[in-house]
2 protein chains.
Amino acid sequence: MAGKVAERRKVLRENLIVIADRRIAENGLGALRARDLATEAGCALGAIYTIFDDLNDLVLAVNALTFQRLGADVAASLADAPQDATEQLITMAQAYHAFAASNYLSWRALFDLERPKGETAPDWYLQEMGQLFVYISTPLATLFPNRNADEIGLLTRAIFSSVHGIILLGLDEASAGVTKDKIDDMIAVILLQLVGQN
Amino acid sequence: MAGKVAERRKVLRENLIVIADRRIAENGLGALRARDLATEAGCALGAIYTIFDDLNDLVLAVNALTFQRLGADVAASLADAPQDATEQLITMAQAYHAFAASNYLSWRALFDLERPKGETAPDWYLQEMGQLFVYISTPLATLFPNRNADEIGLLTRAIFSSVHGIILLGLDEASAGVTKDKIDDMIAVILLQLVGQN
DNA sequence: CCTATATATTGAACCCCGTTCAAGTATGAG
DNA sequence: CTCATACTTGAACGGGGTTCAATATATAGG
């Protein structure tokens with residue numbers, strides 16, 4: 001019966017990720033507590049550290065899940081989007097907005113998790129990011145057939161960052177009177193100006 | 001001799017703000033420690049709490065300073081900028097970028113400080129923000145004379161958020177190979193597309 | 001100037017939290 | 001079944017924000 005230990009560890013690992021995921025979604029990254037996790041998972045406090053290096057490492061696993069969901073949502077929005085490249089960009093950006101709004105705390109955790117200084121983002125993060133960039137650069141390439149790959153790359157990053165900024169500040173000061181509709185409006189205005197009259 | 005106490009408290013208050021400001025600039029918000037502050041200020045640990053509600057409250061005072069400096073830099077950049085409205089927008093955005101880059105940790109503290117949930121941003125924050133918005137909306141109004149105040153307001157916020165997003169993500173993953181020049185390029189590309197061919 | 005009362009300051013102690021590691025327990029090969 | 005190895009446990013450690021009883025200082029009245 002080889003693997004009794006490995007089996008238990010695998011189950012516990014999944015469990016901890018699911019629990020941390022829910023707790024972050026409900027109360028935010030800042031409210032995540034090792035002791036709460038251990039209690040809810042029915043494991044010892046130290047058990048967490050036999051599976052993850054530290055809480056950051058666990059949050060990283062949760063963030064991977066969140067990022068996958070985000071990517072899936074954006075991809076899904078493309079599925080029933082119009083063929084028009086500009087419309088596709090707007091549809092994706094608003095799908096990004098919708099995801100950020102209804103998974104706000106999980107979405108924040110993607111960016112609020114502080115990396116140990118000097119350490120670069122993990123591989124899967126860059127890959128998921130790259131996938132999002134492909135979704136953006138594809139319609140851009142058809143909109144701007146004369147621009148070379150570098151220019152498209154720069155524009156892709158600039159557009160992603162812009163949409164991200166609009167959503168980040170818009171959702172952050174939700175109190176300050178920026179409604180979801182206004183955020184969608186800003187996204188549309190920016191994208192239309194950027195690529196609409198190509 | 002009325003005011004001996006008040007005088008001491010005022011001096012200590014200024015002192016603490018200056019010290020916290022420097023420590024944040026050097027090591028970041030996350031490394032700020034009440035005990036370090038007390039030691040460096042030569043005051044008792046508890047003295048901090050006779051002047052500020054908590055460390056957050058002190059950081060808020062530091063952030064007010066940072067925001068003023070930021071506003072001053074942006075205003076100064078306008079002083080020797082060309083008359084052309086589009087150029088003015090680009091100049092200001094790049095001044096914002098320059099400030100964020102050379103005061104990175106202080107600038108991050110402006111946004112990383114978590115507000116007690118449900119609490120809205122303090123007044124001075126909204127006012128400084130409003131001032132930045134005026135700098136942006138003024139050239140926009142000349143560029144788009146046909147748009148009404150609401151539309152200009154939305155565009156102002158959208159543009160600020162976009163530039164903010166480009167700088168935030170650009171500086172965040174400095175490791176991932178986004179140079180300052182590329183950030184300035186993205187800012188210019190976005191702004192030119194947005195308003196350049198008005 | 002002196003005393004008494006009110007006010008301000010102090011820093012040891014409290015509580016919370018992430019992480020560790022010595023002691024205890026389970027595993028599986030022989 | 002036995003034993004060495006590997007795994008698990010949770011009390012304890014260190015560090016950090018905040019509090020508050022004790023102490024010291026300031027002020028008002030005599």
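The figures here come from the full heavy-atom set of this structure, side chains too, leaving out hydrogens, waters and symmetry mates. Here the structure is a predicted model, which is why all the values come from computation and not from measurement. All chains are named by letter (A, B, ...) in the order of the sequence lines, taking the proteins before the strands, and each is independently numbered beginning at 1.
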So do the side chains of A:D21 and A:T66 get within less than 4.5 Å of each other, counting heavy atoms only?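 Sidechains of A:T66 and A:D21: in contact.
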
What I'd like to find out is whether the side chain of A:I190 reaches to under 4.5 Å of the side chain of B:I190, using heavy atoms alone.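 With C-beta onward as the side chain, the pair stays apart.
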
Can you tell whether the side chains of A:K182 and B:D150 come within less than 4.0 Å, N to carboxylate O?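 Salt bridge between A:K182 and B:D150, a charged N being under 4.0 Å from a carboxylate O: no.
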
As a test of reading the structure: which of D:dT19, C:dT19, C:dA13 is closest to the side chain of B:R35, going by heavy atoms?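 Selected nucleotide (nearest to the side chain): C:dA13.
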
Counting heavy atoms from C-beta on, name the nucleotide in D:dT18, C:dC17, D:dG16 closest to the side chain of B:R33.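 Nearest listed nucleotide: D:dG16.
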
Rounding to a whole Å, what distance do you find between [X]:[atom1] and [N]:[atom2]?
X: A:D36; N: C:dC16; atom1: CG; atom2: P; result: 12 Å
X: B:D57; N: D:dT18; atom1: CG; atom2: C1'; result: 14 Å
X: B:E114; N: D:dG17; atom1: CD; atom2: P; result: 13 Å
X: A:I51; N: C:dT19; atom1: CD1; atom2: C1'; result: 15 Å
X: A:L37; N: C:dC17; atom1: CG; atom2: P; result: 12 Å
X: A:I48; N: C:dG18; atom1: CD1; atom2: P; result: 9 Å
X: B:L58; N: D:dG17; atom1: CG; atom2: C1'; result: 13 Å
X: B:Y49; N: D:dT19; atom1: OH; atom2: P; result: 8 Å

Polar-atom pairs under 3.5 Å, protein N or O versus N or O of nucleotides 6-11 of chain C: list them with distances, or write none.
unit_1 : atom_1 : unit_2 : atom_2 : d
C:dG11 : N7     : B:G46  : N      : 3.2

Provide the closest heavy-atom pair for A:A81 versus A:Q88 in the form atom of the first, atom of the second, distance.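 Minimum heavy-atom contact is CB-CG, 4.4 Å.
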
Check the hydrophobic clustering (I, L, V, M, F, W, Y; side-chain heavy atoms under 4.5 Å; chains of links allowed) and say if A:W124 and B:L169 are grouped together.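 Result: yes, single cluster for both.
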
Hydrophobic clusters here meaning ILVMFWY residues chained together by side-chain heavy-atom distances under 4.5 Å, can you tell me if B:V18 and B:L16 are in one?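 No, because B:V18 and B:L16 fall into different hydrophobic clusters, even though each may have its own neighbours under 4.5 Å.
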
For A:L32, which contact category applies under a 4.0 Å heavy-atom criterion: base, sugar-phosphate, or nothing?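 Sugar-phosphate only.
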
Please say which of A:F111, A:F133, A:F99 ends up in a ring-ring contact (aromatic ring centres under 6.0 Å, His included) with A:H164.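 Of A:F111, A:F133, A:F99, ring-ring contact (aromatic ring centres under 6.0 Å, His included) with A:H164 is met by A:F111 alone.
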
